[in-house]
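Below: one structure, written as structure tokens.
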There are 4 protein chains.
Amino acid sequence: MAGCPAPRRGRPRSAAADRAILDATRTALVEVGWSKLTMGEVARRAGVAKTTLYRRWAAKSELVVDAVAVLFDELELPDGGSLRADVEGVVLSFAALLRRPETKTALMAVLAESTTDEALRRRIRAAIVDRQKRLVLDGRARAQRRGELPPDSADPAETERVVDLIFDVIAGAVVHRSLVSDCPVDGAWAATFTTLLLDGLGSASAPRAGEPPGP
Amino acid sequence: MAGCPAPRRGRPRSAAADRAILDATRTALVEVGWSKLTMGEVARRAGVAKTTLYRRWAAKSELVVDAVAVLFDELELPDGGSLRADVEGVVLSFAALLRRPETKTALMAVLAESTTDEALRRRIRAAIVDRQKRLVLDGRARAQRRGELPPDSADPAETERVVDLIFDVIAGAVVHRSLVSDCPVDGAWAATFTTLLLDGLGSASAPRAGEPPGP
Amino acid sequence: MAGCPAPRRGRPRSAAADRAILDATRTALVEVGWSKLTMGEVARRAGVAKTTLYRRWAAKSELVVDAVAVLFDELELPDGGSLRADVEGVVLSFAALLRRPETKTALMAVLAESTTDEALRRRIRAAIVDRQKRLVLDGRARAQRRGELPPDSADPAETERVVDLIFDVIAGAVVHRSLVSDCPVDGAWAATFTTLLLDGLGSASAPRAGEPPGP
Amino acid sequence: MAGCPAPRRGRPRSAAADRAILDATRTALVEVGWSKLTMGEVARRAGVAKTTLYRRWAAKSELVVDAVAVLFDELELPDGGSLRADVEGVVLSFAALLRRPETKTALMAVLAESTTDEALRRRIRAAIVDRQKRLVLDGRARAQRRGELPPDSADPAETERVVDLIFDVIAGAVVHRSLVSDCPVDGAWAATFTTLLLDGLGSASAPRAGEPPGP
DNA sequence: TCGTAAGCGAGACGGTACGTCTAGTCTTTCA
DNA sequence: TGAAAGACTAGACGTACCGTCTCGCTTACGA
């Protein structure tokens with residue numbers, strides 16, 4: 001954040017209020033859902049005046065983006081020893097995150113708002129989406145060290161295209177399975193999905209030949 | 001509606017009102033977005049009283065589901081002559097549908113509402129999601145006829161699992177790319193994605209060996 | 001007035017709500033005073049929604065004008081048998097009205113608002129001020145019948161000028177004594193004032209010669 | 001500035017701030033009216049912190065009393081040579097004062113507040129009302145010197161009663177005519193009013209016999 | 001053919017939440 | 001150490017919709 005050299009006259013903003021507001025937003029989101037989440041209720045729970053809230057966030061959606069962004073940062077990718085294990089791991093931990101009520105409600109709601117709000121779209125990408133790509137980058141680097149994937153292409157743009165694609169496929173599939181198809185993302189599904197991702201449709205359509213998909 | 005044996009006394013409901021309401025819902029959705037779409041505004045645009053609207057739909061989300069469901073029925077899968085062509089075709093036509101403002105706004109918004117509303121979730125699946133699976137089933141059957149994919153497994157549940165998986169991967173990837181990553185789904189992306197889907201991560205990561213991904 | 005030929009579509013306004021609001025306004029005014037009288041509190045006391053209130057009155061001051069106007073209509077002028085008795089009677093009953101907390105508070109407050117609001121000024125004159133002139137007209141007519149005052153001038157404008165003057169002098173003196181000088185308007189003051197009004201400053205300054213000022 | 005030995009750690013802007021605040025109060029009062037006059041706005045216009053303002057005046061009404069009190073001190077009563085001329089003079093100059101927007105707005109507003117605030121009532125009397133009685137006393141003394149009025153009664157309380165009465169009648173009539181009846185106080189009205197005051201209702205009702213009321 | 005039951009428009013109703021504004025108070029930093 | 005700047009709590013403001021409820025029609029069926 002390269003130096004905020006403004007001497008900031010007047011009383012500084014309360015960091016405690018910031019924290020209380022974000023906490024209150026998350027708990028309220030779980031209890032009442034997105035559409036009944038009101039700025040007034042968040043303020044009440046945080047023990048803060050509405051003006052304090054509006055001084056920091058102009059709209060409910062921006063507040064919620066910031067409140068849930070931190071949850072996505074909890075995602076990690078422990079080394080499973082193989083590309084397959086790493087993919088299954090990230091699928092399962094992402095699915096676990098999406099099972100939490102505040103996460104799934106908030107994510108879809110702010111995405112819905114963002115379809116007609118360019119600024120919100122940028123904020124979501126910066127606070128949530130782009131930060132998850134590190135998982136794909138990490139897993140890919142590990143697999144390359146293990147020799148499971150070829151090294152990066154000479155063209156950095158080509159590499160970025162592939163990383164983006166893999167990210168969209170994994171995240172998209174998990175989100176669609178969880179929230180649209182409304183089916184559980186369990187070990188069996190993760191295994192089948194990983195097979196499809198690694199080996200393609202031909203192999204996934206006849207998995208019997210190779211390994212069993214179920215646990 | 002299979003036998004509505006109630007003699008339906010009194011003045012019958014106006015079919016014209018139904019049509020006007022759904023049309024007004026779609027155009028209003030484009031113009032003002034989900035969160036500013038109000039029942040009163042829909043009624044005003046449809047030239048209808050609010051009571052008439054509430055007599056048919058209990059909530060904004062149900063109305064919107066019905067209003068946009070018909071758009072998804074427009075999706076078709078012309079025979080492209082090969083599995084690869086069919087996949088690329090469905091990806092591009094689904095992406096085109098999601099570029100329409102009313103579709104993307106409505107889809108994400110009702111999905112967001114549905115995270116805390118089981119009845120709405122069922123309605124969305126019935127009116128929108130499940131009807132798209134036919135595209136996967138059609139494409140798969142064609143590919144099997146062409147010999148590009150092995151015939152159905154003996155276990156129908158296994159077949160359903162695979163179809164659901166493919167559906168989640170294709171739809172999820174396109175939705176995520178379009179609405180979350182906010183990047184265009186063009187021919188190049190469709191080609192690379194299809195390669196990944198058909199041949200797996202190993203091939204997609206080094207596509208140079210086989211065919212060029214761009215058009 | 002005279003015929004409301006509009007067919008009055010939609011649900012008609014509730015007369016009960018009107019009454020409840022005006023009653024609530026008066027009692028709230030007594031209890032909390034003008035500056036702490038809020039539209040929300042009036043609505044709460046009247047058991048009515050704020051919107052119902054704003055549908056009828058655009059501002060607190062207009063509501064209060066209507067609420068207290070009826071109190072001024074209670075003023076009457078019983079025939080005291082002489083001009084002197086009639087003047088003293090109207091002075092004392094007007095003073096009694098101004099002793100009521102809701103009256104004095106409301107009157108001064110709306111007059112203050114009206115100094116920067118032409119519409120409010122008109123409303124006050126129509127609802128409150130002009131209706132009191134009947135007291136002057138009645139008293140004057142009686143005195144003329146008794147021979148205590150000469151008959152009307154041939155010029156109606158001249159008559160109106162005199163009536164307005166007498167009205168301003170009586171009402172102004174009572175209001176100023178009550179609310180500005182903050183002294184009681186009792187029988188003694190009423191008698192002295194009436195002497196001044198009837199006979200002029202010379203007589204009032206030396207009342208000992210004539211009659212005693214006290215009751 | 002070499003010889004400015006003031007260490008002045010304390011309050012270097014105190015007197016300037018006072019003046020700036022009172023000036024800002026008056027100009028703001030003219031521009032926005034009483035009910036939209038806010039402490040914050042006065043502070044902003046005066047270039048002063050809100051704290052500085054609250055350190056000196058506890059409430060808006062007290063501030064306004066002090067801000068407009070000085071305007072009332074401008075009233076003077078030049079000797080017109082006769083009681084009639086003096087009365088007409090004071091009526092006209094008081095009316096001119098009440099034509100100024102800040103005066104009339106402020107006067108009625110603080111009087112309205114004072115109906116539920118004893119301390120404010122005292123402050124108004126001390127700062128505004130009582131200081132005007134000197135005009136009545138002066139005029140009366142002059143008239144007595146000229147022989148137009150009898151000398152003071154032996155009883156000082158009786159004298160005070162008469163002075164108060166005259167004050168209430170003159171000030172009340174002018175205020176009522178100006179702010180309640182909302183009619184101009186011009187030379188004609190002043191003449192008619194003075195006739196009534198000096199000679200009583202009988203004469204005023206038939207002024208044709210004596211002198212013409214118009215200018 | 002006529003009654004009657006439901007649908008229709010309009011719009012008022014009691015509510016909830018909005019986002020803004022103001023009142024006063026409470027820290028900061030500057031001079 | 002007082003004044004400016006401005007963040008703080010508290011709560012009213014007037015507006016927008018909500019979903020429900022009269023109203024006075026209109027429309028179609030069935031007796």
Side-chain angles (χ1 to χ4, degrees), chain A residues 6-14 16-17 35-44 46-60, chain B residues 6-14 16-17 35-44 46-60, chain C residues 7-14 16-17 35-44 46-60, chain D residues 7-14 16-17 35-44 46-55 58-60:
Chain A
R8 308 291 286 114
R9 313 234 295 170
R11 180 174 170 176
R13 292 196 179 165
S14 158
S35 64
K36 290 188 181 158
L37 179 74
T38 67
M39 297 297 260
E41 176 66 7
V42 170
R44 200 191 56 74
V48 138
K50 269 198 300 175
T51 30
T52 299
L53 220 158
Y54 280 108
R55 225 189 310 277
R56 293 159 163 77
W57 291 278
K60 187 169 78 162
Chain B
R8 307 293 285 113
R9 314 232 298 167
R11 177 173 174 177
R13 292 194 179 164
S14 157
S35 65
K36 290 187 181 158
L37 180 73
T38 68
M39 297 296 259
E41 177 66 7
V42 170
R44 199 190 58 73
V48 136
K50 270 197 301 175
T51 20
T52 301
L53 220 157
Y54 280 109
R55 210 172 280 125
R56 292 159 163 79
W57 292 276
K60 187 169 77 162
Chain C
R8 304 294 287 113
R9 313 230 291 173
R11 177 173 172 177
R13 291 196 178 165
S14 158
S35 65
K36 290 189 179 154
L37 180 73
T38 67
M39 296 297 258
E41 177 66 6
V42 170
R44 201 189 57 73
V48 137
K50 263 199 303 176
T51 34
T52 300
L53 221 158
Y54 280 109
R55 211 171 279 124
R56 293 160 163 78
W57 293 276
K60 187 168 80 163
Chain D
R8 298 313 259 138
R9 298 290 275 228
R11 16 196 312 190
R13 294 194 55 176
S14 180
S35 66
K36 290 186 180 158
L37 179 73
T38 67
M39 298 297 261
E41 177 66 8
V42 170
R44 199 189 58 72
V48 136
K50 271 198 298 176
T51 357
T52 303
L53 220 159
Y54 280 110
R55 211 169 281 127
K60 188 168 77 163

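Just the heavy atoms: all of them, side chains too, but no hydrogens, waters or symmetry mates, feed the values below.
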**Item:** Heavy-atom pair of closest approach, residues B:Ala43 and B:Ala49
**Value:**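 Result for this residue pair: CB-C, 4.2 Å.
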**Smallest separation among heavy atoms of A:Leu53 and A:Val42, with atom names** =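 Nearest pair, atom of A:Leu53 first, then A:Val42: CD1-CG1, 3.8 Å.
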**Prompt:** Is the backbone N or O of D:Met39 less than 3.5 Å from a side-chain atom of D:Lys60, with the two atoms forming a donor-acceptor pair by type?
**Reply:**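 No, D:Lys60 side chain to D:Met39 backbone: no donor-acceptor pair under 3.5 Å.
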**Prompt:** When every nucleotide of nucleotides 11-18 of chain E is labelled 5' to 3' by its protein contacts under 4.0 Å (heavy atoms), B for base, S for sugar-phosphate only, - for none, what sequence of letters results?
**Reply:** BBBBB-SS
**Item:** A:Leu53 CG to F:dG11 P, straight-line distance once rounded to whole Å
**Value:**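 Distance, rounded to whole Å: 17 Å.
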**Asked** Any side-chain heavy-atom pair from B:Arg56 and B:Arg13 closer than 4.5 angstrom?
**Response**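 A side-chain contact under 4.5 Å exists here.
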